[in-house]
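Remarks on the structure that follows.
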There are 2 protein chains.
Amino acid sequence: MTVELPTHGAAGARIAGEVREAILRGEHAPGSRIRQDDLAGRHGASRLPVREALRILEAEGLVTLVANTGAWVSRLSLAECEEMYQIRERLEPLLLRYSIPQLDAAAVGSLQALADAMERSGDVEEFLRLDREFHLASYRGAGTAVLGETVVRLWNRTHHYRRAFTRMIRLEGDRSVHYEHQLLVSAIRRHDLDEAERVLAGHIRRTRLELARHPEVFEN
Amino acid sequence: MTVELPTHGAAGARIAGEVREAILRGEHAPGSRIRQDDLAGRHGASRLPVREALRILEAEGLVTLVANTGAWVSRLSLAECEEMYQIRERLEPLLLRYSIPQLDAAAVGSLQALADAMERSGDVEEFLRLDREFHLASYRGAGTAVLGETVVRLWNRTHHYRRAFTRMIRLEGDRSVHYEHQLLVSAIRRHDLDEAERVLAGHIRRTRLELARHPEVFEN
DNA sequence: AACGCTTGAATTGAATCCAATCCTGCTCTA
DNA sequence: TAGAGCAGGATTGGATTCAATTCAAGCGTT
């Protein structure tokens with residue numbers, strides 16, 4: 001029995017997903033131009049589904065469209081980035097609260113492994129990938145469609161800016177991030193909802209305050 | 001000197017805006033089908049920009065697309081709706097906190113007028129329009145791009161479900177909604193940020209709890 | 001030399017056309 | 001009579017084509 005892949009379907013959504021992943025992997029710098037023909041060629045389609053994809057990504061805030069002119073990978077101002085961290089500070093603890101009761105021992109184990117791997121990680125690229133994986137994995141128990149989607153989109157929008165940002169803070173040899181991750185895993189393991197929520201809110205808050213101290217990341 | 005309207009531009013975004021407004025006015029019931037040809041004819045364009053518009057509205061959660069099949073005005077489950085109210089409960093007080101310091105006496109006056117008009121409003125349709133206008137007006141001072149946009153989208157997604165819902169709770173002659181609105185205006189006038197945040201969170205919270213008591217609104 | 005204008009190429013926007021898929025109602029059979 | 005199977009129409013998906021707009025380089029003028 002073979003599973004037939006649909007030959008004729010929503011290429012727009014597929015392309016949007018592929019471009020989204022490429023942006024998150026850092027293959028397109030913020031502010032760089034996106035050409036419709038380019039994407040069409042790269043993804044084996046005409047410009048029509050590409051334009052649908054760009055509309056999707058625009059609605060998600062990853063791409064900025066200007067009529068008759070073109071598309072760019074979105075930039076963020078410091079103010080916007082701080083806003084997103086403030087939103088995350090209020091939403092992610094709630095999401096974590098939904099998730100924890102559904103996380104079994106195996107899930108907690110892999111969270112622990114991710115936190116440990118992060119401490120040993122050599123470069124910023126690897127650290128960021130693991131950090132994203134760690135936090136999103138901690139939310140995997142939550143069956144909340146809207147809240148989960150909202151948080152993921154916020155993560156997406158801030159992710160490639162953290163690349164420049166984290167490079168900066170890690171130069172200072174700050175270990176508190178790892179300490180907070182360990183506290184978080186511990187609270188999750190004990191199913192201590194209040195403590196987990198508190199630690200996570202503080203974790204995000206401290207990142208936001210760090211951000212405000214490095215405005216040069218957002219200049220160009 | 002005349003301002004030239006662009007004859008050739010982003011029709012996709014324009015159509016998305018018009019359809020969004022139509023949905024919010026209640027002209028398309030949740031679950032009703034949307035045909036591309038229909039929209040194209042109604043908005044004087046071909047199906048191409050209509051498809052872009054549908055992608056935008058899908059990303060906003062107002063429309064549900066199924067490949068090769070069609071588009072529908074999104075339905076909400078009770079669980080999703082409760083989620084959105086929980087998100088709003090955490091975000092709108094924050095947004096209000098940003099807004100209040102920028103609201104002058106005239107703005108507070110029009111908020112008072114809206115609250116008073118709501119008390120006198122005859123039908124549910126009018127009440128809902130005023131309620132939306134009241135709350136969004138209270139956020140108008142906030143210069144927060146991301147937070148404001150997020151809240152507006154959540155309002156949009158829940159708005160047409162409140163139609164059915166509010167019809168129900170108003171039959172019970174509940175006056176507490178109006179009382180809370182007056183408390184809110186009062187706190188805003190005094191620039192009492194903490195009190196305003198507290199009242200608004202409670203206001204949204206009570207609406208959510210009412211929701212959970214009327215699951216029949218979401219059956220069909 | 002600096003500024004503005006013009007012309008052309010590059011790019012995006014939209015309409016039309018054709019292919020693929022889905023849905024509906026009919027027919028045939030058990 | 002109920003159900004499966006099978007056309008035919010309706011609808012969506014995508015490629016091609018053409019029009020409109022923008023951008024940049026080159027020219028001329030001051």
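Sequence lines set the chain letters: A, B, ... in the order given, protein chains first and strands last, and positions in each chain run from 1.
- Using the six-membered ring where Trp is involved, A:Y161 and A:F218 have ring planes that are parallel, under 30° apart on the 30 and 60° scheme.
- Once rounded to the nearest 0.5 Å, the distance linking CG of B:L147 with CG of B:L95 reads 4.5 Å.
- B:R140 has a carboxylate O that lies under 4.0 Å from a charged side-chain N of B:E133, or vice versa, which qualifies the two as a salt bridge.
- With respect to A:R88, the side-chain contact (heavy atoms from CB on, under 4.5 Å) criterion is satisfied by exactly one of A:V151, A:L200, A:T150, A:T158: A:T158.
- If you take CG of A:L39 and P of D:dG14, they are 15 Å apart, rounded to a whole angstrom.
- Partners of B:R205 under the side chain to side chain contact (heavy atoms under 4.5 Å, CB included) rule, at least two apart in sequence or in another chain, are B:E89, B:R208, B:L209.
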Nucleotide by nucleotide, 5' to 3', does protein get under 4.0 Å of the base (B), only the sugar-phosphate (S), or neither (-) in nucleotides 7-12 of chain C, counting heavy atoms? ----SB
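- As a whole-Å value, the separation of A:E52 CD from D:dG14 P is 7 Å.
- Summarising the geometry, the separation between CD1 on B:I15 and C1' on C:dG13 is reported as 12 Å, rounded to the nearest angstrom.
- For the pair A:R90 and B:E197, the salt-bridge criterion is met [side-chain N within less than 4.0 Å of a carboxylate O].
- Atom-to-atom, CZ of A:R14 to C1' of D:dG13 comes out at 12 Å; the value is rounded to the nearest Å.
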